[in-house]
Amino acid sequence: MPELPEVETVRKGLEKLVLGATIKSVDVYWDRIIAGSIESTEFKQLLIGEKITGFDRRGKYIVFHFKNWALVSHLRMEGKYEVEESTVPLKKHTHVVFHLADGRDLRYLDVRKFGRMTLVPLGEEYSMTGIRLLGPEPTKEAFDETTFFNTLLTKKRAIKPLLLDQKIVAGLGNIYVDEALFAAKIHPLRMANSLKKQEVSQLHEAIIKVLGDAVEAGGTTIRTYQNALGEAGKFQVKLSVYGKKGIPCIRCGTPIEKIKVAQRGTHFCPHCQLLTSVQ
DNA sequence: CTGTTCTCCTGTAAGC
DNA sequence: TGCTTACAGGAGAACA
């Protein structure tokens, strides 16, 4: 599933392939993909003749910029964009097609139909629901360690679901949360307000590193992209715990365990990530 | 206000 | 072999 690194890779791919393109018409095959107050009928009308002037990203949201509008797109679990000549037959699970003036299509596909795109007047893209309440980007510059520590002190909740909440820090999903907690040697069920300053410091560093490394890995394959956006990068990222149930921990050899935390599959090393805080 | 559970979706894998 | 059931999960709504 796309988390921040994959979304950033998709953004770069879109920039490379369709920046400056003009939309000739739009087809929507699954109305619920189009969210917000502008519904699909109006959505299709308003985008006719609009030129894509830029692509931005905030957390896991991709923001298309037009002269008068912004299109905020969230891929959720399995959303993806593809660029094809408009003569190429549509694949199964194609829900939105932007026909471009140059004869190509920008197509949105999504097997589970969880993804959403919202059209808003230019200038309102960062104040809309979802994007407005996002925490800082997980970078050294934007993500302040002291603020993070102080926020965690006020939260009586397990650390994993808290990190999945995009209000604390933007961009983490189920995979990279497990990876960051493993890197910081913190058990996913530890109460946020029980974490010591040193642990929060390690976690802060791990989040920045895990996501940063993955962004870099995604970026290395960008040149190989032709039509599909955001797929190739995944192969470059090597994971330590996610999906490694039963496999020896790379640090201590103990088999990785899988449990459920807040309905999510959660992977951790029972030896490196102790629940009892004996530090 | 805070924290938890439910809901949306469909393909894949497991179970009988 | 073929049917049924469990599972995967981001984020917003509904609920406690």
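First the proteins, then the strands, lettered A, B, ... as listed; each starts at 1. Predicted model, so just to flag it, every value in this text is computed and none were measured. All values below come from the heavy atoms of this structure, side chains included, with hydrogens, waters and symmetry mates left out.
- We find that CG of A:Leu109 is positioned 15 Å from C1' of B:dG11, with the value rounded to whole Å.
- Ring pair A:Phe268/A:Phe182: centre-to-centre distance not below 6.0 Å.
- For the OP1/OP2 pair of B:dG11 and a distance below 4.0 Å, the side-chain nitrogens and oxygens of A:Lys92 include at least one atom meeting the criterion.
- In this structure, NZ of A:Lys245 is placed 13 Å from C1' of B:dA13, rounded to the nearest angstrom.
- Judged by atom type and distance alone, A:Arg264 does not reach the base of C:dA8 through any side-chain donor-acceptor pair under 3.5 Å.
- Rounded to 10 degrees, the angle separating the terminal helix axes of the helix from B:dT2-C:dA16 to B:dC16-C:dG2, each built from five base pairs, is 60°.
- Of the N and O atoms on the side chains of A:Thr266 and A:Lys160, at least one donor lies less than 3.5 Å from an acceptor on the other residue.
- Clustering of Ile, Leu, Val, Met, Phe, Trp and Tyr side chains at separations under 4.5 Å places A:Tyr29 together with A:Leu90, A:Val97.
- Residue A:Arg157 has a polar side-chain atom (N or O) positioned under 4.0 Å from OP1 or OP2 of B:dT4.
- Side chains of A:Asp110 and A:His95: no donor on one and acceptor on the other come within 3.5 Å.
- In this structure, A:Lys167 reaches neither bases nor backbone, as no heavy-atom distance under 4.0 Å exists between it and the strands shown.
- Whole-Å rounding puts the A:Arg32 CZ to C:dA11 C1' distance at 13 Å.
- Taking 4.0 angstrom as the limit, A:Gln166 places a side-chain polar atom (N or O) nearer than this to OP1 or OP2 of C:dA11.
- Nucleotide C:dG9 holds its C1' atom 12 Å from the NE2 atom of A:His267, rounded to whole Å.
- A:Ser201 and A:Glu145 share a side-chain donor-acceptor pair at under 3.5 Å.
- Note: NE2 (A:His93) to P (B:dT10) measures 8 Å, nearest angstrom.
- At whole-Å resolution of the value, CG in A:Asn193 and C1' in B:dG3 are 13 Å apart.
- In this structure, A:Phe66 CZ and A:Glu50 CD are separated by 6.5 Å, a value rounded to the nearest 0.5 Å.
- In this structure, A:Arg116 does not reach the C:dG12 phosphate: none of its side-chain N or O atoms is under 4.0 Å from OP1 or OP2.
- Nearest-nucleotide positions on DNA chain C place A:Arg112 closer to the 5' end than the other of A:Arg112 and A:Ile131.
- Straight-line distance from the CD1 atom of A:Ile168 to the P atom of B:dG3: 9 Å, rounded to whole Å.
- Note on A:Tyr176: every side-chain N or O is 4.0 Å or more away from OP1 and OP2 of C:dG9.
- More than 12 non-hydrogen atoms from other residues, nucleotides or ligands lie less than 6.0 angstrom from NE2 of A:His65.
- For the pair A:Lys197 and A:Phe149, the cation-pi criterion (under 6.0 Å, within 45° of the ring axis) is fulfilled.
- Put simply, CG on A:Leu164 is 10 Å from P on C:dG9, counting in whole angstrom units.
- Applying the 4.0 Å criterion to OP1 and OP2 of C:dA11, one finds that A:His74 has a side-chain N or O inside that range.
- Dashed line: the shortest gap from a side-chain N or O of A:Lys113 to OP1 or OP2 of B:dT10 is under 4.0 Å.
- For the pair A:Lys260 and C:dA6, the criterion of a side-chain N or O lying under 4.0 Å from OP1 or OP2 is not met.
- Contact annotation for A:Gly130: backbone-only contact, meaning every heavy-atom pair under 4.0 Å involves sugar-phosphate atoms and none involves a base.
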